[in-house]
Amino acid sequence: MSNSAQDLQEQIAEAFSEKQPVSIQGGGSKHFYGCPVAAPLLDTTSHTGIIAHEPTELTITVRCGTTLAELDQHLEKHGQVLACEPPDYSGKATVGGMIAAGLAGPARPYLASVQDTVLGCTLLNGKGERLGFGGKVMKNVAGYDISRLIVGSLGCLGLILDVTLKVIPRTLAESSFAFSVAKEQSAAFVNELRKNGLPVTASCFLDEQLVIRFAAGNKEIENLTIELEKHYSFIQHSLFVDDGFWLKLRNHQLPFFSPDDQRSLWRLSVSADTDIKPLLDTQAQVLTEWGGVLHWMKTDKSPEEIFNTMSSVAGQASLFRTSNAQDGNTTPRFQPLPSALKLWHKQLKAAFDPAGILNPGKMYPGL
Amino acid sequence: MAEDLLQQLISRLQRVLDKQYILTMKEQLTPFECDGLSVYRELPLVAVLPGKASEVQAIIKICHELSIPLVTRGAGTGLSAGALPHPEGVLLVLSRLSKIHDINNTTLTAKVEPGVRNLAISEAAFEHGLFYAPDPSSQIACSIGGNVAENAGGVHCLKYGLTVHNVLQLKGFTMSGEAITVGATGLDTTGFNFLSLIIGSEGMLMVVTEITVKLLPLPQHVEVLLASFTALDAAGQAVSNIIAAGVIPAGLEMMDNNAICAAEDFAHAGYPRDAAAILLIEIDGSAINVEEQLAIIQKVLNESGVDSLKIARDKQEQALFWKGRKSAFPAVGRLSPDYYCMDGTIPRKSLSEVLTYISALSVDYGFPVANVFHAGDGNLHPLILFDANIAGQLEQVEAMGARILEKCIAVGGTITGEHGVGLEKIRQMPLQFTDTEIIQFHAVKEALDPDNLLNPGKNIPLLKRCQEYRALSQNLQPNKLLSHDGLAHQTPGNQA
């Protein structure tokens, strides 16, 4: 075991024996996400490095403190990428943070989620025990799927020491187009493109335009304009292509996401056939991704109202960035859980972290 | 079980379910005594066949209140005795929950009941230009509920993923009978990722009564290639070379000579009987995309020493190429009264080492082996041929199988890629996991099913048995057997 892993293990074991909560943090790039944890920081950034990369096996094993920027750079040399396109926030985000937050980027509905990318992991549970789950192969159904369970758990179940991820070959070419399509029609439009065999890998509705990214082999992308002109009227928007539009969207760096905005930023996810319009604050500004599934909304509406509205359409809301940092500890960030699921959360938390020391309250109060 | 408790159980079941769907007689129960792995057999006390979710909930509540074990069963095609009945328990057969509620053309999803057959989903989605990607070889018969329980794979996993990658939401009941929903059709799920935990949990954490699966647009164009090789190694290397060239085929399967001959005799698929190995390669996408992939693959195969290469002329020939592969299990079954199917998964680079090891074991134990291999994702299916009617053969085959699985672990793989642990591989679990990890699995089970009533005794071994299993394995297997420089010569009679 590396020194850094041993060090992290000792810190958690000590915290466990003293019942002293810890706040696990990697690069701190997503510090605004989830409720603040009032506990001493447990910094994972010294536990870094790529443990193994087998390009022809399409797998890579990497330590939690490694930045996504470093990982991407390494994969690029081998013509590979992570399919889930997690935000890397100007190079600060770490692999551990990616798994803990479980936030995937624009390619999510078309290529993969963060959990889809995970094959195995090594964890430290709340007793400081080192545990390995999943594996380094594409398929593995031995035991419960803890390595995917851990995705999005915000450090409340364990500290992720390292993960094995599935990687995919980088597509050789990509091209983006903006279409004049009514927002309500955008899901159907994207589906139609996909059914026509067009390689959609991202979609975004913003400023009354539907922007779609296509990625594939060189010939296919060269031929794309001809294919599209056959069937659709569209505007090719060079801005989107040249200006790193998708990278900015992935990293929440488009002007829409500006932290200067005084309103809270919400992330609403609903089934693509849900008519979201009546649910929105008329004043709210909205950016829609994932073919009508993910809606980013800036609003002053109360969390309670938003959660209730989302609950009525079986959707999920999360307060991605609160306008009032002072609210920190008290404002709920995530969609409240129904009672049976709440009980499962409580019991599962106790199964991994019996003393309740790992990121307590980060996701839900008492968890 | 005490007679009065049994009477109480039956009379309470009769209040929630029509009598004809409550089976208690031996002749009624016998068809349910095993799943697809028939070497394990057990009769349940009672089998119930509810027709709707509310009946399932009522049955769960009764079992919970009476503390009676509950084993859920789908179509019974599982290959690890995961649905083996509990002798003191109720077998919950979900085959009557077979409605497809909805194929949604906007969300590209299907909402189905667990008893729906895997293939029936793609058949229903076809008219919308959609399909459900995971396609286990048993897809004609196996149910989606069972696929969820086992996290079933298939021949298209490398590109399209396993069940866990293609299910968005599950609805059902906890063991206390509470309704619960995990996952979401809106993709984001707040809270812990219970969806991934439930998928592949072998019916030990909840009972699922509604499944929302992701559907994909049918590919515009498909090509199927049949490449033959004079050496297994070359075929294995060709697979790595294809992936290194940046192509992810929709399907990438390998068969060895024994499997080729069996499949060819059965299906007349046009497989070359003299080849050491064949690769079946399917590529799909738009016409241009397929053309690009095809050119790359042809070049790679030629550079990798392919002996002959056929591209299926039309849909009929494509189906024929696949028929050979998809019927490989029954085809091999014709060669011998019984066969035992393994499911280890390995890093592909270890293929040659593991296959060499398996052929040495085959000679040593005296059982022929046919190898069918999901080459793209490293999932091996060695089929060991034997005769269960000859005393001692089953035990010897199990011992040989155990050693194959141990080898899979030794090269960095796993004991099961898609069939599940069930009862069959429970003795190998302590070789893949430490005691601390096993304890953590039990803690997860206890968190979601505190009374240990859902499918008890499967998947995760009792801690007190782990040392015993490891010791047994040590005795069976001197260290040098783990190396690939040859096997110690023990006669099968020496195997425990």
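Just the heavy atoms: all of them, side chains too, but no hydrogens, waters or symmetry mates, feed the values below. Quantities reported herein were computed from a predicted structural model and do not represent experimental measurements. Below, chain A is the first sequence line, B the second, and so on; all start at residue 1.
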Heavy-atom check, side chain of [X] versus side chain of [Y], under 4.5 Å:
X        : Y        : answer
B:Glu291 : A:Lys219 : yes
A:Arg148 : B:Val164 : yes
B:Leu448 : A:Tyr144 : no
B:Cys157 : A:Lys139 : yes
B:Thr436 : A:Lys127 : no
B:Leu195 : A:Gln115 : no
A:Trp344 : B:Met206 : yes
B:Leu187 : A:Pro109 : yes

Could you tell me the separation between the [atom1] atom of [X] and the [atom2] atom of [Y], rounded to the nearest 0.5 Å?
X        : Y        : atom1 : atom2 : result
B:Ser196 : A:Asp116 : OG    : CG    : 7.5 Å
B:Thr181 : A:Leu337 : OG1   : CG    : 12.0 Å
B:Ser176 : A:Leu343 : OG    : CG    : 7.5 Å
B:Phe194 : A:Leu341 : CZ    : CG    : 6.0 Å
A:Phe133 : B:Phe441 : CZ    : CZ    : 5.0 Å
B:Phe192 : A:Lys349 : CZ    : NZ    : 6.0 Å

Does any backbone or side-chain atom of [X] lie under 4.5 Å from a heavy atom of chain B? Answer side chain, backbone, both or neither.
X        : result
A:Ser113 : neither
A:Pro199 : neither
A:Ala350 : neither
A:Leu58  : side chain
A:Arg170 : neither
A:Leu123 : neither
A:Lys342 : neither
A:Leu367 : side chain
A:Ala112 : neither

Top of [options] for chain A proximity - count of heavy-atom pairs under 4.5 angstrom:
options                                : result
B:Gly344, B:Gly376, B:Ala443, B:Gly191 : B:Gly191
B:Leu205, B:Ile199, B:Ile180           : B:Ile180
B:Ile415, B:Asn105, B:Leu218           : B:Asn105
B:Thr185, B:Ile243, B:Thr416           : B:Thr416

Who wins among [options] for the most heavy-atom pairs under 4.5 Å with chain B?
options                                : value
A:Leu149, A:Asn196, A:Thr274           : A:Leu149
A:Glu227, A:Gln316, A:Met138           : A:Gln316
A:Pro55, A:Ala104, A:Gly291, A:Ser153  : A:Ser153
A:Glu129, A:Gln335, A:Lys136, A:His345 : A:His345
A:Leu294, A:Val293, A:Val313           : A:Val293
A:Ser269, A:Gly134, A:Cys156, A:Pro169 : A:Ser269

So which part of [X] gets closer than 4.5 Å to some heavy atom of chain A, the side chain, the backbone, both or neither?
X        : value
B:Leu162 : side chain
B:Leu130 : side chain
B:Thr109 : neither
B:Glu437 : both
B:Val239 : neither
B:Ile439 : neither
B:Thr434 : neither
B:Ile460 : side chain
B:Lys445 : both
B:His419 : backbone
B:Ala287 : neither
B:Pro347 : both
B:Glu150 : backbone
B:Asp188 : both

Candidate pair B:Thr190 and A:Met310, rule side chain to side chain contact (heavy atoms under 4.5 Å, CB included), full reasoning = CA-CA 12 Å; B:Thr190 46; A:Met310 280 299 108; over 6 Å; no

Around atom CD of A:Glu184, are there more than 12 heavy atoms of other residues, nucleotides or ligands at under 6.0 Å?
-> yes

Please check if atom CZ in B:Arg427 has more than 12 non-hydrogen atoms from other residues, nucleotides or ligands closer than 6.0 Å.
-> no

Just by modelled atom types, is the A:Thr56 backbone N or O under 3.5 Å from a matching donor or acceptor in the B:Arg348 side chain?
-> yes

Would a distance-only check, ignoring hydrogens and angles, find a side-chain to backbone donor-acceptor pair under 3.5 Å from A:Gln347 to B:Val444?
-> no

Heavy-atom closest contact ([X] atom, [Y] atom, distance):
X        : Y        : answer
B:Ala447 : A:Ala351 : CB-CB, 4.2 Å
B:Thr107 : A:Ala272 : CG2-N, 3.6 Å
A:Val137 : B:Gly413 : CG1-CA, 4.2 Å

For side chain to side chain contact (heavy atoms under 4.5 Å, CB included), just list the numbers for B:Leu197 and A:Ile146, CA-CA rounded to whole Å, side-chain angles, deciding distance to a tenth of an Å, and then say yes or no.
-> CA-CA 7 Å; B:Leu197 178 66; A:Ile146 308 295; 4.3 Å; yes

Modelled atom types, side-chain donor and acceptor of A:Asp273 and B:Asn104, under 3.5 Å | yes

